Visitor: 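Got a structure here, written out as structure tokens. Questions coming.
These figures come from a predicted structure and were not determined experimentally. Numbers restart at 1 for each chain; the letters A, B, ... are given by sequence-line order, proteins then strands.
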Protein chains: 2
Amino acid sequence: MSTHNTVEIKEPARRRKEARPAELLAAALDVFAEKGFAATRLEDIATRAGVSKGTVYLYFDSKEALFKAAIETAMIPAIEAAEAIANDAGKPAAALLRSFVFGWWERIGTTSLGAVPKLLVAESGNFPEVARWFHEEIISRALRAMARVIAIGIERGEFRPIEPTLAARIVFSPIFSIIVWRRTFADCAAGLPDPHVFLDAAVTLLTDGMVIQAKEAK
Amino acid sequence: MSTHNTVEIKEPARRRKEARPAELLAAALDVFAEKGFAATRLEDIATRAGVSKGTVYLYFDSKEALFKAAIETAMIPAIEAAEAIANDAGKPAAALLRSFVFGWWERIGTTSLGAVPKLLVAESGNFPEVARWFHEEIISRALRAMARVIAIGIERGEFRPIEPTLAARIVFSPIFSIIVWRRTFADCAAGLPDPHVFLDAAVTLLTDGMVIQAKEAK
DNA sequence: GATAAATTACTGACCGTTCAGTCATTATTT
DNA sequence: AAATAATGACTGAACGGTCAGTAATTTATC
């Protein structure tokens with residue numbers, strides 16, 4: 001881990017006031033996601049960010065403040081990007097839904113942001129305010145965007161008249177599952193399906209159904 | 001919390017060698033699920049089980065051993081019950097699938113067992129062996145059972161020829177989501193749908209699809 | 001442009017607290 | 001009274017947070 005192929009030379013401390021907060025937040029998100037809040041040592045975060053423990057306290061008041069900041073700064077840009085996709089209303093609803101799902105996967109699932117849902121599941125009991133914030137500012141907005149896509153589909157006569165909010169939650173479950181699942185069972189990689197294949201199949205099932213419709217379909 | 005409406009009387013210590021392990025395991029599962037492994041104090045578990053800290057060490061070697069035992073003893077009976085449902089092969093495949101989903105929800109989601117998935121998501125990084133065990137002994141078996149139900153549906157010409165294992169994972173996502181979600185955002189209960197309504201809608205969407213099939217359906 | 005003075009980002013030894021695990025003692029059962 | 005279940009004060013290690021000290025950088029002076 002700390003063994004390089006070159007001899008470890010103690011770098012002189014560089015002063016980079018501007019870059020520190022972002023570096024600390026990124027390091028914090030990684031380590032918190034890996035170990036959880038309580039099991040994370042502040043010194044690990046500091047080391048990963050290339051500074052000493054004391055430096056963390058120049059930029060953040062406490063471990064808890066760093067935790068909250070790491071989650072919030074990570075998610076806010078993501079939700080805005082996700083909403084943008086839903087407004088691209090040219091395509092047929094089914095296609096829009098598909099690109100929404102894949103957009104969400106690319107933006108969250110494949111990046112370090114994917115750590116946030118896992119972290120929230122783990123720590124909601126210890127940080128109910130963070131859970132509430134996330135629910136109101138991120139989940140609600142994402143569901144609304146997705147529900148709008150579905151409502152458009154219904155309006156246009158492409159979809160059955162289902163409850164859009166409920167359907168949105170259902171469409172989200174495969175995304176949520178694959179994001180959390182991959183990070184939880186990363187070691188058991190052998191058994192896990194390719195995320196694209198999984199999500200593609202999930203969208204297809206949700207739109208077309210598993211059942212072979214009778215010839216004289218209603 | 002520890003304030004009752006009756007005055008707290010110090011009960012004399014009763015000796016109940018037989019009942020202790022199960023009581024400790026149940027208490028441990030609760031507290032671990034609520035706070036996570038690192039943030040849980042052994043004394044909290046002991047208190048909830050109605051004993052003192054020292055007693056825990058009469059029955060378990062360490063905090064870690066208690067953690068592993070709590071997860072394993074909780075899940076083993078559950079997976080066996082779940083497999084039993086899948087073998088009840090009389091009904092049409094779609095109905096079998098529906099009762100499998102609801103059976104899983106009743107057996108896991110509504111009981112203290114629902115804590116286990118959440119706990120695993122939270123702690124897989126710190127306990128990779130437990131994650132691997134869970135993946136092999138629980139998830140794989142559950143997926144196999146569900147895949148068998150789907151394969152039967154395909155054989156009988158009720159379902160399209162989809163990949164059963166992949167479809168099984170997809171069917172599991174709403175169950176996984178609702179179980180983990182409810183426990184994560186229990187406080188934000190206002191926005192959450194009724195689990196039965198959610199799961200019913202999910203199964204319907206997965207079997208029948210969202211899209212209105214053309215009259216001359218293939 | 002060189003040197004000194006002032007500033008401040010950064011460090012890491014230290015302190016106080018918390019908690020897993022121990023064990024001498026007490027309480028209960030047989 | 002022998003056996004053993006249960007207790008809780010105690011110990012040692014780990015870690016969040018502090019702060020006196022160090023050194024990189026900027027500003028002031030000649």
Side-chain angles (χ1 to χ4, degrees), chain A residues 1-2 8-32 34-70 119 123 125-127 130, chain B residues 2 8-32 34-71 119 123 125-127 130:
Chain A
M1 176 138 303
S2 62
E8 190 93 37
I9 299 291
K10 181 77 173 61
E11 291 282 327
R14 302 246 61 86
R15 293 159 51 116
R16 300 186 308 116
K17 187 180 167 55
E18 291 71 28
R20 295 299 186 217
E23 288 170 356
L24 284 166
L25 289 168
L29 191 60
D30 281 358
V31 185
F32 281 140
E34 192 181 311
K35 297 193 198 292
F37 179 81
T40 293
R41 289 178 308 136
L42 227 17
E43 198 145 8
D44 287 345
I45 294 175
T47 304
R48 184 168 309 203
V51 297
S52 70
K53 188 168 56 152
T55 300
V56 178
Y57 286 90
L58 297 177
Y59 297 100
F60 299 94
D61 287 345
S62 64
K63 190 185 184 185
E64 194 170 323
L66 179 58
F67 177 76
K68 292 176 182 172
L119 207 38
E123 300 295 345
N126 298 318
F127 298 94
V130 178
Chain B
S2 61
E8 189 95 35
I9 299 292
K10 182 77 174 63
E11 290 282 326
R14 304 242 60 87
R15 293 160 52 119
R16 301 187 308 118
K17 188 178 167 49
E18 293 70 29
R20 294 300 186 216
E23 289 169 356
L24 284 165
L25 289 169
L29 191 60
D30 281 358
V31 186
F32 280 140
E34 193 181 309
K35 297 193 198 292
F37 179 81
T40 293
R41 289 177 311 135
L42 226 19
E43 197 144 10
D44 288 345
I45 294 174
T47 304
R48 183 168 309 203
V51 298
S52 70
K53 187 167 59 150
T55 300
V56 178
Y57 286 90
L58 296 178
Y59 298 99
F60 299 94
D61 287 345
S62 64
K63 189 184 184 186
E64 194 171 322
L66 178 58
F67 178 76
K68 292 176 183 173
I71 289 181
L119 206 40
E123 301 294 347
N126 299 317
F127 297 95
V130 178

Visitor: To the nearest Å, how far apart are A:D61 CG and D:dG16 P?
Guide: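 Atom CG in A:D61 sits about 16 Å away from atom P in D:dG16.
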Visitor: Would you tell me if any nitrogen or oxygen in the side chain of A:T55 comes within less than 4.0 Å of OP1 or OP2 on C:dA9?
Guide: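 No, outside the criterion.
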Visitor: Counting heavy atoms from C-beta on, name the nucleotide in C:dT11, D:dA6, C:dG21 closest to the side chain of A:S52.
Guide: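 Selected nucleotide (nearest to the side chain): C:dT11.
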Visitor: Nearest whole angstrom, please: distance from the P of C:dT28 to the CZ of B:R20.
Guide: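 Nearest whole value for this atom pair: 12 Å.
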Visitor: Rounding to a whole Å, what distance do you find between A:E18:CD and C:dA9:C1'?
Guide: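 About 11 Å, once rounded to whole Å.
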Visitor: Which residues in residues 39-51 of chain A have a heavy atom closer than 4.0 Å to any atom of DNA chain C?
Guide: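 Nucleic-acid contacts, sorted: A:V51.
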Visitor: I want to check something: taking the side chain as every heavy atom from C-beta on, are A:L66 and A:D61 in contact at a cut-off of under 4.5 Å?
Guide: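 A:L66 vs A:D61: side chains apart.
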Visitor: I want to check something: taking the side chain as every heavy atom from C-beta on, are A:K35 and A:D44 in contact at a cut-off of under 4.5 Å?
Guide: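 Heavy-atom side-chain distance check passes, below 4.5 Å.
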Visitor: When you check the phosphate oxygens OP1 and OP2 of D:dT25, does a side-chain N or O of A:R16 lie under 4.0 Å from one of them?
Guide: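 Checking D:dT25 against A:R16, no side-chain N or O comes under 4.0 Å of OP1 or OP2.
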Visitor: Does B:K68 count as lying over the ring of B:F127, i.e. NZ or CZ under 6.0 Å from the six-ring centre, within 45 degrees of the axis?
Guide: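 No, a cation-pi geometry is absent between B:K68 and B:F127.
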Visitor: In a check of salt bridge (Lys or Arg N to Asp or Glu O under 4.0 Å) between B:R48 and each of B:E34, B:E23, B:E43, which one passes?
Guide: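 Testing B:R48 for a salt bridge (Lys or Arg N to Asp or Glu O under 4.0 Å) against B:E34, B:E23, B:E43 leaves exactly one candidate, B:E34.
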Visitor: Nearest 0.5 angstrom please: B:L42 CG to B:L24 CG, how far?
Guide: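 One gets 9.0 Å once the value is rounded to the nearest 0.5 Å.
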Visitor: What integer distance in Å separates B:K35:NZ from C:dT18:P?
Guide: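 The answer, rounded to whole Å, is 14 Å.
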Visitor: Taking all non-hydrogen atoms of both residues, which atom of B:F32 and which atom of B:L119 are closest, and how far apart?
Guide: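 In terms of heavy atoms, the two residues are closest at O-CD1, 3.3 Å.
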Visitor: I need the B:N126 CG to A:T40 OG1 distance, nearest 0.5 Å.
Guide: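 B:N126 atom CG to A:T40 atom OG1 measures 8.0 Å (nearest 0.5 Å).
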Visitor: CD of B:E64 versus P of C:dA20: gap in Å, rounded?
Guide: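 To the nearest whole Å, that distance equals 13 Å.
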Visitor: Where do N or O atoms of nucleotides 13-15 of chain C meet protein N or O atoms at under 3.5 Å, pair by pair?
Guide:
none

Visitor: Rounding to an integer number of Å, can you tell me how far A:Y57 OH sits from C:dA9 P?
Guide: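 These atoms are roughly 18 Å apart.
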Visitor: Side chain of A:L58: nearest nucleotide among C:dG21, C:dT11, D:dG17?
Guide: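 Looking only at side-chain atoms, A:L58 lies closest to C:dT11.
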Visitor: Measure from CG on B:L24 to P on D:dA5 and round the result to the nearest Å.
Guide: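 Computing the B:L24:CG to D:dA5:P distance gives 14 Å.
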Visitor: Using the side-chain heavy atoms of B:Y59, tell me which of these nucleotides is nearest: D:dA5, D:dG16, C:dA20.
Guide: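 When the side chain of B:Y59 is considered, D:dA5 is the closest of D:dA5, D:dG16, C:dA20.
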Visitor: Given side chains that start at C-beta, do those of B:E123 and B:F67 come closer than 4.5 Å, heavy atoms only?
Guide: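 Side chain of B:E123 against side chain of B:F67, heavy atoms only: contact under 4.5 Å found.
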Visitor: Give the minimum heavy-atom separation between A:S62 and A:Y57, together with the two atoms involved.
Guide: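 What the structure gives for the nearest pair is CA-CE2, 4.0 Å.
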